[in-house]
Amino acid sequence: MTAVVPPPRPVAGLIPVRPLTRVEDGERLNALFWRAGAGWRMVSSAVLGGGIGERAWVLNAQVSHGYRRTDPGAHLAELARTAGAEGPGVGLMTAADVTRYAVGHDSGAEALATAGLGVRGWAAAPAESVPRPVAPGTINIVAAVPVPLSDAALVNAVATATEAKVQALLEAGYDCSGTPTDAVCVAARIPGPGEEAHAFAGPRSLWGSRLARAVHAAVRGAAANT
């Protein structure tokens, strides 16, 4: 018997971000704020709210190219409070102009990416390579799927999103796997009563493949906007 997977119900605007603007040390800086609300679990490598757990918001904040603060987590928490954030959330930062973000969609999965590619290279760079002072850059990815994922699937989703990012960069003509400070956040719904979480999110799983295509489109768009 061939299993028939029903198409997902359309879910528009999983990540409706609100643009924010502030002035720090005379410089106008931007941020993107997603008030996700209750009902979400997120996995993230972010400096604030990283790991796996219930999260209610995501902030992607632009900082100055000469950022010198040694308390980025506290800084992001302060910016989030100013934005009206409540409860635990995820805070990412980047020197890129976040207003030049791009979004990707695929069958219910959604991704948003901001890209600064001033510093880029291969993850497995030779140990003897000498770092050179160049303009900062960071690729931040925020993605969401409207279904629950197990802890293992959330970790798998981070790997899938990263693979899609690298594919997008190569197709965009960049000879790199990313930047040294890239960060990712993947959100999935908290299971409802009697609902089972998806156990897989690899690139050939149902939701992993959708996530991969959404991230790929978002990163391609963000790289084109740099």
Side-chain angles (χ1 to χ4, degrees), residues 8 11-18 20 31-61 72-81 83-94 98 101 103-106 108-114 138-165 178 181-192 195-203 205-215 218-219 222:
V11 180
L14 275 182
I15 312 175
V17 292
R18 175 163 59 97
L20 305 172
L32 301 174
F33 182 63
W34 173 32
R35 193 191 303 273
W40 291 95
R41 289 202 322 140
M42 301 184 190
V43 58
S44 178
S45 62
V47 66
L48 175 66
I52 297 177
E54 294 186 26
R55 304 287 187 264
W57 50 267
V58 179
L59 177 72
N60 187 7
H75 187 193
L76 285 166
E78 176 186 338
L79 295 177
R81 284 192 297 270
E86 297 179 355
V90 172
L92 309 95
M93 57 175 50
T94 175
V98 298
Y101 71 91
V103 177
H105 305 266
D106 192 281
E110 185 171 331
L112 180 151
T114 58
T138 296
I139 300 171
N140 283 341
I141 298 169
V142 179
V145 293
V147 296
L149 299 177
S150 68
D151 283 359
L154 282 170
V155 175
N156 204 178
V158 171
T160 296
T162 302
E163 290 183 37
K165 176 197 72 174
T181 51
D182 288 353
V184 62
C185 174
V186 179
R189 289 293 189 183
I190 292 175
E195 187 177 13
E196 188 174 343
H198 289 251
F200 304 102
S205 68
L206 176 64
W207 284 102
S209 62
R210 293 170 176 174
L211 173 70
R213 288 187 291 268
V215 170
V219 174

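Hydrogens, waters and symmetry mates are skipped; everything else that's a heavy atom, side chains included, is used. Bear in mind the structure is a predicted one, so any value in this text is a computation, not a measurement.
In this model, a donor atom of one side chain and an acceptor atom of the other lie less than 3.5 Å apart for N60 and T114.
Of all the heavy atoms in A212 and T160, the pair that sits closest is CB-CG2, 3.7 Å. The minimum heavy-atom distance linking L154 with A188 is given by the pair CD2-CB, 4.1 Å. Across all non-hydrogen atoms, the minimal contact from S45 to A183 is OG-CA, 3.5 Å. The two residues I139 and G178 make their nearest non-hydrogen contact at CD1-CA, 4.5 Å. For the residue pair L211 and A143, the shortest heavy atom distance occurs at CD1-CB, 3.4 Å. When all heavy atoms of A113 and A222 are compared, the pair lying nearest together is O-CB, 3.5 Å.
Side-chain contact between N140 and V142: absent, with no pair of heavy atoms (C-beta onward) separated by less than 4.5 Å. Side chains of V98 and V17 form no contact here, defined as non-hydrogen atoms less than 4.5 Å apart. Side-chain contact between L149 and R41: absent, with no pair of heavy atoms (C-beta onward) separated by less than 4.5 Å. No side-chain heavy atom of C185 sits under 4.5 Å from any side-chain heavy atom of V43. In this structure, R81 and E86 have side chains that are not in contact, with every pair of non-hydrogen atoms separated by 4.5 Å or more. Contact check for E54 versus P88: no side-chain heavy atoms found under the 4.5 Å cut-off. Between R213 and V215 the shortest side-chain heavy-atom distance does not fall below 4.5 Å.
At least one donor-acceptor pair under 3.5 Å links the side chain of R35 to the backbone N or O of G84. Checking side-chain atoms of S150 against main-chain N and O of A197 turns up no donor-acceptor pair under 3.5 Å. Put simply, the side chain of R18 gets close to the backbone of A83: a donor and an acceptor are under 3.5 Å apart.
Interatomic distance, CG of L112 versus CD1 of I141, reported as 10.0 Å (0.5 Å rounding). Atom-to-atom distance recorded for L206:CG and F200:CZ is 12.5 Å, nearest 0.5 angstrom. Taking OH of Y101 as the reference point, atom CD1 of I15 lies at 10.5 Å (rounded to 0.5 Å). Summarising the geometry, atom CG belonging to L59 is positioned 7.0 Å from atom CG belonging to L20; distances are rounded to the nearest 0.5 Å.
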* Apply the test side chain to side chain contact (heavy atoms under 4.5 Å, CB included) to residues W40 and L14: give CA-CA distance (whole Å), side-chain angles for both, the deciding distance (0.1 Å), then the verdict. => CA-CA 11 Å; W40 291 95; L14 275 182; 3.9 Å; yes
* Before giving the answer on side chain to side chain contact (heavy atoms under 4.5 Å, CB included), spell out for V145 and R210 the whole-Å C-alpha distance, their side-chain angles and the decisive distance to 0.1 Å. => CA-CA 9 Å; V145 293; R210 293 170 176 174; over 6 Å; no
* Could you walk me through whether V58 and M42 pass the side chain to side chain contact (heavy atoms under 4.5 Å, CB included) test, one step at a time? => CA-CA 10 Å; V58 179; M42 301 184 190; 3.6 Å; yes
* Evaluation steps, side chain to side chain contact (heavy atoms under 4.5 Å, CB included), between H198 and V147 -> CA-CA 8 Å; H198 289 251; V147 296; 4.0 Å; yes
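With L48 as the partner, the side chain to side chain contact (heavy atoms under 4.5 Å, CB included) test is satisfied by one option alone out of L92, L76, L79, V90: L76.
The number of heavy atoms from other shown groups lying within 6.0 Å of CD (E78) is above 12. Other residues, nucleotides and ligands contribute only 12 or fewer heavy atoms inside 6.0 Å of the CD atom of E196.
The aromatic rings of F33 and W57 are tilted relative to each other, their planes meeting at an angle between 30° and 60°.
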